[in-house]
Amino acid sequence: MQEKTEKQVVIVDGSRLVTEAMARAGAGAFIGYPITPANLLYQYSARRMPLFLPAPDEISAVQWMSGLAATGKLPVTATSFPGFALMLESLNMAFMMELPMVIVLVQRLGPATGTATCGAQGDLALLRGMISGGHQIPVLCGADFESAWRLSAEAVHVAARLRTPVVYLTSKEEMMTKKSFDLSLLDYITAAEIPVFSGEGTYRSYEPGENGIPSFLPVGNPAWQVRLNASTHDRDGILKHSTAEALGNTMRLEEKSRRHLGGYTHYEYDSQEGAEVLVISYGVTASAAREAVSGIRESGKKVSLLVPGTILPVPDEYYDMSEKYERVVVAEENINAQYARLLFGEKLPERIRTMGAVGRMITDGEIRKEVLT
Amino acid sequence: MSNILKKEELPYCRGCGHDLIARNTASALEQMEVAPEDVIVVTDIGCHGIIDGCLNTHTVHGLHGRSVAIGAGIAMGLEERGKKIIVFIGDGGSTIGLQHILEAARLNLDMTVVVHNNMLYGMTGGQTSGLTPCGFRTTTSSEGNPWTGYDLCALAYTSGAAFTSRITGTGNISGQLREAFETAGFSLTEVIEICPSYGVKLNPGRKLREIIEGSGRLPGRWVNERDPFVIKQERKTSDLLKDLDVIRVDHDNRLAGPVSIVISGSAGEGVQHSASILAAAAVRSGCHVIQKGSYPVTVGVGFSAAEVILSPQPVIFCGTDVPDVVVVTSGDGLSHCRNRIKAMRSGWVFADRSLDLPDTGAGVAIHDFRSVGARSACLLALFRTVADTGWISPEALHRTAVESGLPARMPVDRMMEMVKT
């Protein structure tokens with residue numbers, strides 16, 4: 001009757017795991033404004049994060065986070081679309097200033113206020129276009145407790161490493177549903193460190209170095225002048241209209257997240273020899289896809305599954321995998337095939353099938369039916 | 001030569017008050033013998049914001065209206081005392097980000113905001129701002145502004161700013177700025193100036209002092225005796241996972257496959273807690289569980305529902321189409337799950353005697369669950385559910401309830417007796 005001693009089965013929700021994972025990964029502060037369904041992250045953070053500050057609104061939240069990041073802290077927050085919408089301009093600022101931070105976006109049903117207590121996967125199109133100029137910020141997404149733990153910690157690491165805001169994308173059920181779970185399955189998490197200026201040569205706030213990422217120094221440090229700028233700026237951080245150096249800096253920002261994509265490409269690819277159909281699904285819908293794939297295989301049919309963990313920028317690997325199949329079924333909890341279109345274009349080829357839902361989860365039965373049709 | 005200013009020439013129109021503020025800021029800091037590396041100047045959007053390149057200090061140039069908020073974040077993050085955070089903002093930025101000013105004043109963050117109030121939007125063409133005095137002409141109010149401007153100093157003062165002042169932007173203002181910079185806590189100084197490109201031209205013959213006197217927003221200084229902001233060190237947990245009870249398997253289950261139980265009752269009647277007891281009892285019986293809660297945004301009124309999936313194998317997907325069991329203990333609960341009960345073609349509904357159930361294909365078991373009190377009805381219904389289905393034992397549920405300290409609030413021993421008989 002007794003379980004193996006090394007197992008540590010508990011009943012836990014995803015918010016607790018993600019908060020703990022980010023804290024272990026080096027998140028030094030949580031600044032936020034409560035919003036359903038992100039409230040649990042806020043509450044756990046109040047108890048866990050070294051610094052917790054309640055902002056009066058979501059604009060203040062990201063501005064305070066930016067100020068903290070300017071002093072060398074690694075801040076995180078959690079919100080849902082209405083709060084995220086308020087954050088957008090400030091996130092553009094943090095992107096331009098190259099300040100590390102993580103925003104946990106817990107999706108709920110929109111548009112607008114929508115339904116606070118209903119999950120959804122409807123914000124991906126917004127994330128792809130959230131930075132003016134079309135630049136991309138990294139978006140990571142877990143699909144179960146283990147990957148939520150791993151990828152929310154990775155979001156903190158990527159933010160620190162690339163000096164950029166990172167979105168950890170999730171949704172209501174993933175953050176609020178409790179499950180029995182064996183804690184011994186969780187990976188060890190190391191604390192991220194922001195790469196700081198070595199002290200050799202002259203410090204310029206936006207001198208990119210060989211890897212295209214400027215090294216960091218906090219404002220207020222006694223050794224070197226630090227200049228942070230949200231306007232088009234040169235390598236010193238001084239506002240410039242359109243000099244070659246300033247535009248070069250803007251172009252470097254475009255390249256930064258993609259250039260280092262290999263270092264944070266995460267996915268689960270469960271391929272089956274001889275399968276002609278690939279199911280692609282992420283986040284909450286990936287669990288239904290897993291059940292569906294398992295059921296299809298039990299019935300003797302063949303099918304493969306891709307669960308992207310790195311949602312944006314899109315790794316080339318996803319295309320390499322997709323090309324091998326006669327048919328690709330993309331399942332996501334929205335009604336406009338947001339990730340499918342992002343991957344394969346607005347006018348989807350015949351071989352790309354999409355399935356969605358609004359106001360409810362897609363079931364494993366629906367995915368099974370679509371694959372077998 | 002100033003050690004704060006990098007250049008002698010500043011990029012402002014002749015006669016602009018922004019030039020005066022920049023030079024007097026430098027002069028005040030020099031009088032205080034503050035080194036440039038101990039100063040962080042945060043600028044907003046507007047003509048004043050192009051000063052960065054002229055400063056030897058740290059500089060941060062952010063968004064329109066948000067400079068006070070990012071400055072606030074810097075003030076919160078800097079652990080070393082003695083740094084000077086100085087925010088330059090215009091009248092436009094100060095109304096966009098009014099909330100940020102009030103919040104920084106309320107928290108009494110250690111920083112200074114210098115409002116460059118030139119009474120109109122200078123950079124975008126001389127339009128009326130929220131601080132334009134009544135009667136002052138702008139490019140969008142040729143007859144004079146019909147409204148009175150905000151009293152920014154009163155707003156900051158009443159929000160709790162340690163030091164607030166309004167000064168006329170002429171002559172040597174370094175002493176007045178120094179008073180703000182030397183304040184421990186939040187200080188705001190509003191410098192009234194007149195834009196030479198628009199203000200002077202559109203209001204010919206008017207003098208700055210006369211405009212200020214006519215506006216009713218007179219120079220002055222206002223002090224709140226307060227301690228500056230400090231971060232209160234509250235007790236924190238070092239590991240959120242250590243707070244969780246590790247559940248050992250010490251009972252059996254008799255499940256052949258996954259089953260879902262919907263529990264629907266009224267807010268405040270222990271629905272979520274009872275569902276947690278069931279979930280923990282199932283885990284100690286060797287099951288894998290998923291537990292979801294559902295309730296309206298007003299958590300203290302209306303229905304409260306929970307859904308618990310029990311399975312002998314790991315469960316991945318947390319959705320349920322049609323439940324195997326619905327437990328319903330109140331009218332609110334029935335209203336919430338009426339359609340789900342109607343849709344059932346098999347399984348069981350455990351309902352309180354007081355409820356008028358719809359037609360259903362499920363078996364119906366009626367009991368007087370509320371006889372043990374409204375707050376205990378739900379747990380009693382779960383005792384009945386596990387006893388009748390046999391999926392897990394009532395003993396596992398009882399032991400879990402006892403270990404959670406419930407007997408102090410609910411008659412769990414009596415419930416156990418009731419389902420045994």
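Everything quoted here is computed from the prediction, not taken from an experiment. Naming: A, B, ... by sequence-line order, numbering from 1 per chain.
Residue contact with chain A, scored on non-hydrogen atoms closer than 4.5 Å, involves the backbone of Thr57(B) exclusively. Heavy atoms closer than 4.5 Å to chain B are found nowhere in Met96(A), neither backbone nor side chain. Interface remark: Leu55(B) contributes backbone atoms only to the contact with chain A (heavy atom separation under 4.5 Å). For a residue to count as touching a neighbouring chain, one of its non-hydrogen atoms must lie under 4.5 Å from one of that chain's; by this rule Ser294(A) does not touch chain B. Contact of Ser238(B) with chain A is made through the backbone alone, with heavy-atom distances under 4.5 Å. Looking at Leu53(A), only its side chain comes within 4.5 Å of chain B, counting heavy atoms on both sides. For chain B, the nearby part of Asp57(A) is the side chain; its heavy atoms alone come within less than 4.5 Å. For Ile231(B), the part lying under 4.5 angstrom from a heavy atom of chain A is the side chain only. The part of Asp245(B) that comes within reach of chain A is its backbone (N, CA, C, O), which places non-hydrogen atoms under 4.5 angstrom from that chain. For a residue to count as touching a neighbouring chain, one of its non-hydrogen atoms must lie under 4.5 Å from one of that chain's; by this rule His100(B) touches chain A with the side chain only. Contact annotation for Leu240(B): both backbone and side-chain heavy atoms come within less than 4.5 Å of a heavy atom of chain A. Using a 4.5 Å cut-off between heavy atoms, Pro50(A) contacts chain B through its backbone alone, with no side-chain atom that close. Using a 4.5 Å cut-off between heavy atoms, Leu183(A) touches chain B through its side chain atoms alone. For Phe52(A), the parts lying near chain B are the backbone and the side chain together; criterion is any non-hydrogen pair under 4.5 Å. The contact between Glu79(B) and chain A is made entirely by side chain atoms (from C-beta outward), counting heavy-atom distances below 4.5 Å. Neither the backbone nor the side chain of Lys240(A) comes within contact range of chain B, judged by heavy atoms closer than 4.5 Å. Using a 4.5 Å cut-off between heavy atoms, Ala46(A) touches chain B through its backbone atoms (N, CA, C, O) alone. For Asn229(A), the parts lying near chain B are the backbone and the side chain together; criterion is any non-hydrogen pair under 4.5 Å. With a 4.5 angstrom heavy-atom cutoff, Ile238(A) touches chain B only via side-chain atoms.
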- request: With side-chain contact (heavy atoms from CB on, under 4.5 Å) as the test, would you mind laying out the steps for Ile59(A) and Gln99(B) before giving the verdict?
  value: CA-CA 10 Å; Ile59(A) 297 174; Gln99(B) 167 67 52; over 6 Å; no

- request: List the steps, then state whether side-chain contact (heavy atoms from CB on, under 4.5 Å) holds for Ser276(B) with Ile11(A).
  value: CA-CA 9 Å; Ser276(B) 296; Ile11(A) 297 175; over 6 Å; no

- request: Before giving the answer on side-chain contact (heavy atoms from CB on, under 4.5 Å), spell out for Gln8(A) and Leu244(B) the whole-Å C-alpha distance, their side-chain angles and the decisive distance to 0.1 Å.
  value: CA-CA 10 Å; Gln8(A) 285 186 286; Leu244(B) 298 167; over 6 Å; no

- prompt: How far apart are the C-alpha atoms of Lys179(A) and Val315(B), what are their side-chain angles, what is the distance that settles it, and do they pass the side-chain contact (heavy atoms from CB on, under 4.5 Å) test?
  reply: CA-CA 9 Å; Lys179(A) 293 182 189 178; Val315(B) 264; over 6 Å; no

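Between chain B and the residues Thr363(A), Asp236(A), Leu239(A), the largest count of heavy-atom pairs under 4.5 Å involves Thr363(A). The candidate with the highest count of non-hydrogen atom pairs below 4.5 Å against chain A, out of Asp239(B), Asp52(B), Val60(B), is Asp239(B). Interface remark: of the candidates Arg290(A), Met176(A), Met65(A), Met97(A), Met97(A) forms the most heavy-atom pairs closer than 4.5 Å to chain B. Counting heavy-atom pairs under 4.5 Å between each of Met93(A), His233(A), Arg360(A) and chain B puts Met93(A) at the top. Residue with the most contacts toward chain B among Leu186(A), Thr19(A), Asn221(A), Asp364(A): Asn221(A) (heavy-atom pairs, distance under 4.5 Å). Ranking Pro56(A), Pro222(A), Gly72(A), Ser60(A) against chain B, the residue ahead of the rest is Pro56(A), based on heavy-atom pairs under 4.5 Å. Per-residue heavy-atom pair counts under 4.5 Å with chain A were compared for Glu80(B), Glu37(B), Lys236(B), and the maximum is reached by Lys236(B). Considering only heavy-atom pairs separated by less than 4.5 Å from chain A, the leading option among Arg106(B), His288(B), Glu103(B) is Glu103(B). Comparing Ala230(A), Ser66(A), Gly220(A) by how many heavy-atom pairs each has under 4.5 Å with chain B, the most go to Gly220(A).
Of the residues Thr71(A), Val219(A), Val226(A), the one that meets the side chain to side chain contact (heavy atoms under 4.5 Å, CB included) test with Ile40(B) is Val219(A).
Around the CD atom of Gln313(B), the shell of radius 6.0 Å holds more than 12 heavy atoms that belong to other residues, nucleotides or ligands. Counting non-hydrogen atoms of other residues, nucleotides and ligands closer than 6.0 Å to OH of Tyr33(A) gives a total of 12 or fewer.
Here the closest heavy-atom approach between residue Ala72(B) and residue Trp64(A) is recorded as CB-NE1, 3.8 Å.
Atom-to-atom distance recorded for Leu51(A):CG and Met76(B):CE is 8.0 Å, nearest 0.5 angstrom. Annotation: the span from Asp243(B) atom CG to Glu20(A) atom CD amounts to 9.0 Å, rounded to 0.5 Å. One finds the CG atom of Leu78(B) at 8.0 Å from the NZ atom of Lys73(A) (value rounded to the nearest 0.5 Å). In this structure, CG on Leu63(B) lies 8.5 Å from OG on Ser231(A), to the nearest 0.5 angstrom.
Using a 4.5 Å heavy-atom threshold, the side chains of Thr177(A) and Ile290(B) count as touching. Put simply, the side chain of Arg24(A) reaches to within 4.5 Å of the side chain of Leu241(B), judged on heavy atoms.
At distances below 3.5 Å, not a single donor-acceptor pair connects side-chain atoms of Arg66(B) with backbone N or O atoms of Gln63(A). Remark: the backbone N or O of Lys292(B) is not paired with any side-chain donor or acceptor of Glu173(A) at under 3.5 angstrom. The backbone N or O of Val289(B) lies less than 3.5 Å from a partner atom in the side chain of Ser180(A), making a donor-acceptor pair.
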